[in-house]
Amino acid sequence: MEKDSVLEAIYSSALKPEQWLETLEIINRYLDSSHIFIAERSSISESPISFVESGFESGHFETYQQHFFTVDLWSHALIPKKHNEFHASHNVVDDKVFEQSEIYQDFARPAGVRNGIGCILTDNFSGIHAEIGVMRDASRGRYNDTDVHRANSLIPHINSALKLSREYRRINAQATALSSILDQSRDAFALFTLEGKILYHNALWEQWLAKTRIAKTVNNSLYWQIPNLQNQFHKALNQYKNSDGQLVNYFIQDAGKLLNLQMKPTRHEFSSAVGHHSIAAALVTIISCGNGTGPDTTAMKMMYRMTQAEAEVVALLCQGITTEEISHFRGSSIGTIRQQIKSCLHKTESSNQTVMITKLLRLISY
């Protein structure tokens, strides 16, 4: 078997952990062996974090569970040996001692294992992070120096693949966590680079994009169909680049609905295969202007230039409360309430209260 085929399998497993079993079988053939395992672990005395093996009967390792990892003198004897290198079993543990050991009598011998090579993989940050064992029966003889050298030529690549795999899992876990947080929101969210590229969006954002008439995405960038809004959007992003930006609020109509567009600066934390990173970003939120019972008072003030008192009176009207009840609730005279309603009719260009309420309620849900 060509070494290039082995290396291709090793690096393929970095991004597809489910391929490690197939990769171990390839390494087994390359090293003229019958049994192999790789265990991701933090110490020799504890059970592995993850474990993949080939050549053993199904459930062989599970039969011994923690007891195996406690009495495994071969693995324990590897600790003082040079890490990130394979060592032949007869150079790690005396043959006679090994043959009399519990690990040989109860585990290795029943599996047809007699000779092996082992390697403890370590790095400068996490210490021990994996162990590899490659084995064969007595008929194939001991692993000689050529066999060990052949196996050692794979170690840098296995180590690199494991590190890449670990980073890949970390990135996936982080993305899953971010997705979980944003997808629980009742509003549409999207995280942007300060160049306007979408880093992430939740399901509600995708639903909004599918229905909206005022925005579209091209090459993962958002484009507003309203020129002024497009300019304001990029103006805010540029302010965030200069670290002088703050929360920005826009009220916009979209298909007859009133929406509140909020932008605020944030940081996007992420890990890659070359380290941990933090970049400036913008969080954009699309909020429907309603509380379930009436339109948002802030939105009405922004859209129709209402005063705070006028917006509060109209909000109560939208909840079905009569003029007399509003007067009593607010402690104002009937005349004052009627004058405020009249002012709102003018500002919303409505001929009567029913038209005004219908117009405002139509803006609530999206």
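Nothing here was measured: the structure is a model prediction, and the numbers come from that model. One-based numbering along the sequence shown.
Residues H268 and A281 come closest through the heavy atom pair CB-CB, 4.1 Å. Of all the heavy atoms in A215 and L209, the pair that sits closest is O-CD2, 4.4 Å. The heavy-atom pair separating F37 from A39 by the smallest distance is CD1-N, 4.2 Å. Contact record, A161 with A14: O-CB, 3.5 Å, taken as the closest heavy-atom pair. Minimum interatomic distance between S153 and P156 (heavy atoms only, all atoms of both residues): O-CD, 3.8 Å. Contact record, T266 with L191: CG2-CD1, 3.7 Å, taken as the closest heavy-atom pair.
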Any chance you could lay out the salt bridge (Lys or Arg N to Asp or Glu O under 4.0 Å) test for R109 and D137, step after step, and finish with the verdict? CA-CA 9 Å; R109 188 175 181 179; D137 57 38; over 6 Å; no
The test is side chain to side chain contact (heavy atoms under 4.5 Å, CB included); show your working for L316 and R330 and say whether it passes. CA-CA 10 Å; L316 292 171; R330 293 182 60 81; 4.3 Å; yes
Where do F86 and L154 land on the side chain to side chain contact (heavy atoms under 4.5 Å, CB included) test, with the steps shown first? CA-CA 10 Å; F86 275 105; L154 303 178; 5.7 Å; no
Please assess R136 against V113 for the test side chain to side chain contact (heavy atoms under 4.5 Å, CB included), listing each intermediate value before the final yes or no. CA-CA 5 Å; R136 59 193 183 196; V113 169; over 6 Å; no
Evaluate the criterion side chain to side chain contact (heavy atoms under 4.5 Å, CB included) for residue pair N202 and Q207; output intermediate values, then yes/no. CA-CA 9 Å; N202 65 357; Q207 293 172 19; over 6 Å; no
Starting from the C-alpha separation in whole Å, work towards a yes-or-no answer on ring pair (Phe, Tyr, Trp, His ring centres under 6.0 Å) for H35 and F56. CA-CA 7 Å; H35 301 70; F56 297 92; 4.7 Å; yes
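Under the 3.5 Å distance criterion, the side-chain polar atoms of T212 are matched with a main-chain donor or acceptor of I214. Between the side chain of H83 and the main chain of I79, a donor-acceptor pair closer than 3.5 Å is present. In this structure a side-chain-to-backbone donor-acceptor pair under 3.5 Å is missing from S160 to I158. Distance alone, capped at 3.5 Å, places no donor-acceptor pair between the T336 side chain and the S332 backbone. For the pair K347 (side chain) and R305 (backbone), a donor-acceptor distance under 3.5 Å is present. K82 places no side-chain N or O within donor-acceptor distance of the main-chain N or O of H87, the cut-off being under 3.5 Å.
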Determine all donor-acceptor pairs shorter than 3.5 Å in which one atom belongs to a side chain in residues 218-229; sequence neighbours excluded.
unit_1	atom_1	unit_2	atom_2	d
N220	ND2	I198	O	2.7
S221	OG	K197	NZ	3.4

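Separating the NZ atom in K163 from the CG atom in L121 is a distance of 9.0 Å, to the nearest 0.5 Å. M356 CE to S351 OG: the interatomic distance, rounded to the nearest 0.5 Å, is 10.5 Å. Atom CD of E8 and atom OG of S13 lie 10.5 Å apart (nearest 0.5 Å). Annotation: the span from H234 atom NE2 to N238 atom CG amounts to 8.5 Å, rounded to 0.5 Å. For the atom pair T285 OG1 and M263 CE, the distance stands at 10.0 Å (nearest 0.5 Å). In this structure, the separation between CG on N260 and CD1 on I286 is 8.5 Å, given to the nearest 0.5 Å.
By the rule that hydrophobic residues join a cluster once side-chain heavy atoms approach within less than 4.5 Å of another member, L21 and I10 end up as members of one cluster. Hydrophobic clustering (side-chain heavy atoms under 4.5 Å, transitive across Ile, Leu, Val, Met, Phe, Trp, Tyr) groups F233 together with Y240. Linking ILVMFWY side-chain heavy atoms closer than 4.5 Å, directly or via other members, places V97 and V92 in a single hydrophobic cluster. Follow the hydrophobic side-chain contacts under 4.5 Å out from I326 and you never reach I334; the two are in separate clusters.
A salt bridge is absent between K301 and E310; no separation between the charged side-chain nitrogens and carboxylate oxygens falls under 4.0 Å. We find that D147 and R140 are not joined by a salt bridge, their nearest charged nitrogen and carboxylate oxygen being 4.0 Å or further apart. Salt bridge E99/K96: absent, no basic N to carboxylate O contact under 4.0 Å.
Here the side chains of I341 and Q353 are in contact, with some heavy-atom distance below 4.5 Å. A heavy-atom distance below 4.5 Å is not found between the side chains of V314 and Y304. Residues R338 and T323 have side chains in contact (heavy-atom distance under 4.5 Å, counting atoms from C-beta outward). The shortest side-chain heavy-atom distance between I287 and Q262 falls under the 4.5 Å cut-off. The shortest side-chain heavy-atom distance between C119 and E85 does not fall under the 4.5 Å cut-off. Between R150 and Y30 there is a side-chain heavy-atom pair separated by less than 4.5 Å. Proximity of Q100 to Q105: side-chain heavy atoms (C-beta onward) are nowhere separated by under 4.5 Å. Between V355 and L345, every side-chain heavy-atom pair lies at or beyond the 4.5 Å cut-off.
For D145, the CG atom counts as loosely surrounded, since its 6.0 Å shell holds 12 or fewer non-hydrogen atoms of other residues, nucleotides or ligands. Dense packing is recorded around CD of E18, with more than 12 heavy atoms of other residues, nucleotides or ligands lying under 6.0 Å away. Within a 6.0 Å sphere centred on NZ of K342, heavy atoms belonging to other residues, nucleotides or ligands number 12 at most. Few gaps surround NE2 on H90; more than 12 heavy atoms of other groups in view lie less than 6.0 Å from it. Within 6.0 Å of NZ on K3 lie more than 12 heavy atoms contributed by other residues, nucleotides or ligands.
Taking the centre of each ring, F192 and Y200 stay at or above the 6.0 Å mark. Aromatic pair H157/Y11: ring centres closer than 6.0 Å.
Residues W205 and D187 bring no donor and acceptor atom of their side chains to less than 3.5 Å of each other. A donor-acceptor contact closer than 3.5 angstrom is absent between the side chains of N115 and S89. Side-chain contact of E324 with S327: a donor-acceptor pair under 3.5 Å is absent, judged by distance alone.
Judged by the 6.0 Å distance and 45° axis criteria, R114 is positioned over the aromatic ring of Y104.
Taking Q239 as the reference, K235, D244 meet the side-chain contact (heavy atoms from CB on, under 4.5 Å) condition, with sequence neighbours excluded.
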